[in-house]
There are 2 protein chains.
Amino acid sequence: MKPYIDILKNKGLKITPRRKAIIDIFVNCHKHLTSEGVWSLLSNEFDKCGLPSVYRNLETLVECGILTRIQQFDRKKHYGLCTEHHNHPHHHITCISCGKVEELGACEMDNKRIIKGYKVVNHFMQVNGICAGCSK
Amino acid sequence: MKPYIDILKNKGLKITPRRKAIIDIFVNCHKHLTSEGVWSLLSNEFDKCGLPSVYRNLETLVECGILTRIQQFDRKKHYGLCTEHHNHPHHHITCISCGKVEELGACEMDNKRIIKGYKVVNHFMQVNGICAGCSK
DNA sequence: ATTATAAACAGAAATAATTTCTATTTAAGG
DNA sequence: CCTTAAATAGAAATTATTTCTGTTTATAAT
Ligand SMILES: [Mn+2]
Ligand SMILES: [Mn+2]
Ligand SMILES: [Zn+2]
Ligand SMILES: [Zn+2]
């Protein structure tokens with residue numbers, strides 16, 4: 001919790017109740033959630049909470065490296081806590097059953113500057129699986 | 001052109017003027033296009049052409065392995081020709097300037113069955129760059 | 001060639017995730 | 001305690017995609 005607050009502070013962003021609550025949700029569940037999933041959980045805590053605020057805050061937290069974001073083919077963005085390597089590129093593996101997120105180390109693409117004549121700008125990798133808990 | 005038609009035939013799908021035209025578009029441009037981009041090009045050829053048909057056909061062609069599809073954070077699906085390895089998992093590198101698509105060989109994930117206790121179900125990789133032509 | 005039939009189609013309307021806009025509230029520094 | 005820019009709520013707009021319905025067409029069987 002604390003280190004995430006510090007990231008916000010260092011970037012000159014306000015520590016608002018909504019931001020703390022959103023970070024708290026992810027710290028406690030370690031899952032990927034959709035914007036609406038987060039919104040739904042926030043409604044337990046706040047009488048009033050606008051969906052646009054949720055969207056705005058989730059994107060802000062992604063920009064800070066606190067959250068990771070994946071775009072599934074279901075047209076929804078999914079957000080999860082990015083627990084380490086805040087400034088290093090890395091990827092995540094997600095459980096398609098329970099939504100749990102874990103970090104993967106550096107991948108072979110991270111070093112490559114040129115591939116097939118293309119100057120590499122960025123790359124994105126998403127691995128989906130079934131976690132040990134859900135396999136049982 | 002011919003081999004793509006054969007894929008459709010083998011799957012018992014009809015060879016319609018729209019399908020031929022869509023394949024033709026991709027064969028001639030080797031770029032990623034959005035659904036609306038394809039629709040716009042089809043309008044040059046057909047007086048009447050419904051956007052729902054374009055969506056339906058693009059998805060059909062993806063299922064056949066003729067096209068590859070990526071989901072960008074712009075909320076749009078992008079489609080490109082998948083020229084080889086029709087039955088082998090592989091990835092693509094895309095030029096963010098001109099949209100050109102090229103194939104990448106197998107990646108390190110392809111062999112892995114278990115990662116961090118997760119039974120791997122599938123993975124997705126997208127590499128973006130600037131092609132040789134656009135670098136000049 | 002003609003016909004039968006399921007697949008493909010057009011067009012309109014609906015859906016739903018996300019964004020934009022505006023007025024109001026609030027966190028944080030002095 | 002003030003001040004102020006950032007954050008927020010709520011309504012409305014946007015837009016990629018899907019659904020629905022009635023019509024057309026590719027293809028196989030006659
Ligand atoms: Mn991470
Ligand atoms: Mn391919
Ligand atoms: Zn799981
Ligand atoms: Zn290019």
Side-chain angles (χ1 to χ4, degrees), chain A residues 1-2 4-25 32-64 66-67 69-79, chain B residues 1 4-25 32-64 66-67 69-80:
Chain A
M1 194 70 211
K2 181 80 181 327
Y4 300 119
I5 301 295
D6 289 341
I7 292 173
L8 289 173
K9 266 193 182 132
N10 291 339
K11 301 232 176 186
L13 295 164
K14 289 186 181 176
I15 317 300
T16 69
R18 255 130 265 238
R19 280 180 184 158
K20 279 193 286 192
I22 290 174
I23 293 172
D24 215 46
I25 284 171
H32 264 144
L33 295 168
T34 63
S35 317
E36 206 169 337
V38 172
W39 183 52
S40 163
L41 291 172
L42 281 178
S43 302
N44 299 336
E45 254 178 284
F46 298 95
D47 276 359
K48 301 200 164 175
C49 182
L51 199 41
S53 290
V54 177
Y55 277 100
R56 205 177 333 97
N57 279 321
L58 288 172
E59 285 304 305
T60 302
L61 295 174
V62 167
E63 276 162 33
C64 296
I66 294 173
L67 296 183
R69 179 186 50 166
I70 61 179
Q71 175 78 60
Q72 305 277 35
F73 285 114
D74 63 3
R75 293 173 61 197
K76 290 174 194 159
K77 293 189 177 77
H78 296 241
Y79 299 84
Chain B
M1 196 65 211
Y4 299 120
I5 301 296
D6 289 339
I7 292 173
L8 289 173
K9 265 193 184 134
N10 291 339
K11 302 234 176 187
L13 295 163
K14 290 185 180 175
I15 316 301
T16 69
R18 255 130 265 236
R19 283 185 181 154
K20 279 194 286 193
I22 291 174
I23 293 173
D24 214 47
I25 285 171
H32 264 144
L33 295 168
T34 63
S35 317
E36 207 169 336
V38 172
W39 182 52
S40 162
L41 290 173
L42 280 178
S43 301
N44 299 337
E45 253 177 284
F46 298 93
D47 275 359
K48 301 199 163 175
C49 182
L51 199 40
S53 290
V54 177
Y55 277 100
R56 205 176 335 98
N57 279 320
L58 288 173
E59 285 303 306
T60 301
L61 295 174
V62 167
E63 276 161 35
C64 295
I66 294 174
L67 296 183
R69 178 186 52 168
I70 61 178
Q71 175 77 59
Q72 305 276 36
F73 285 114
D74 63 3
R75 292 173 61 198
K76 289 175 195 158
K77 294 189 176 77
H78 297 242
Y79 299 84

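Every heavy atom of this structure was used, including side-chain atoms; hydrogens, water molecules and symmetry mates were not. None of the values given here were measured: they were computed from a predicted structure. Every chain is numbered from 1, with letters handed out A, B, ... down the list of sequences.
When rounded to the nearest whole Å, the span between CD1 of A/Ile22 and C1' of D/dA7 equals 12 Å. Rounded to whole angstrom, the span from the CG atom of B/Leu8 across to the P atom of C/dA7 amounts to 15 Å. The interatomic distance linking B/Leu61 (CG) with C/dA8 (P) rounds to 11 Å, in whole Å. The CZ atom of A/Phe46 sits 13 Å away from the C1' atom of D/dA7 (whole-angstrom rounding). In this entry the distance linking CG of B/Leu33 with P of D/dA16 reads 15 Å, nearest Å. Rounded to whole Å, the distance from NZ on B/Lys48 to P on D/dT23 is 13 Å. Here the C1' atom of nucleotide D/dT8 and the CH2 atom of A/Trp39 are 15 Å apart, to the nearest Å.
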Task: Where protein sits on nucleotides 15-28 of chain C, one letter per nucleotide: B base, S sugar-phosphate only, - none, heavy atoms under 4.0 Å - done: --BBBB-----BBS
Considering only distance and modelled atom types, tabulate donor-acceptor pairs under 3.5 Å from the side chains of residues 41-52 of chain B, sequence neighbours left out.
unit_1: B/Ser43; atom_1: OG; unit_2: B/Trp39; atom_2: O; d: 2.9

Could you list the donor-acceptor pairs under 3.5 angstrom formed between side-chain atoms of residues 10-17 of chain B and any protein atom two or more places apart in sequence or on another chain?
unit_1: B/Asn10; atom_1: ND2; unit_2: B/Asp6; atom_2: O; d: 3.3
unit_1: B/Thr16; atom_1: OG1; unit_2: B/Arg19; atom_2: N; d: 3.2

Open item on the list: Let's go through B/Thr34 and B/Asp74 carefully: what are the C-alpha distance in whole Å and the side-chain angles of both, what is the deciding distance for side-chain contact (heavy atoms from CB on, under 4.5 Å) to 0.1 Å, and is it a yes or a no?
Closed with: CA-CA 11 Å; B/Thr34 63; B/Asp74 63 3; 5.6 Å; no
Task: A/Leu61 and A/Leu8: CA distance, side-chain angles, deciding distance, side-chain contact (heavy atoms from CB on, under 4.5 Å) verdict - done: CA-CA 8 Å; A/Leu61 295 174; A/Leu8 289 173; 4.0 Å; yes
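Between B/Val38 and B/Asn57, every side-chain heavy-atom pair lies at or beyond the 4.5 Å cut-off.
Using modelled atom types, no side-chain atom of B/Ser40 and backbone atom of B/Glu36 make a donor-acceptor pair closer than 3.5 Å.
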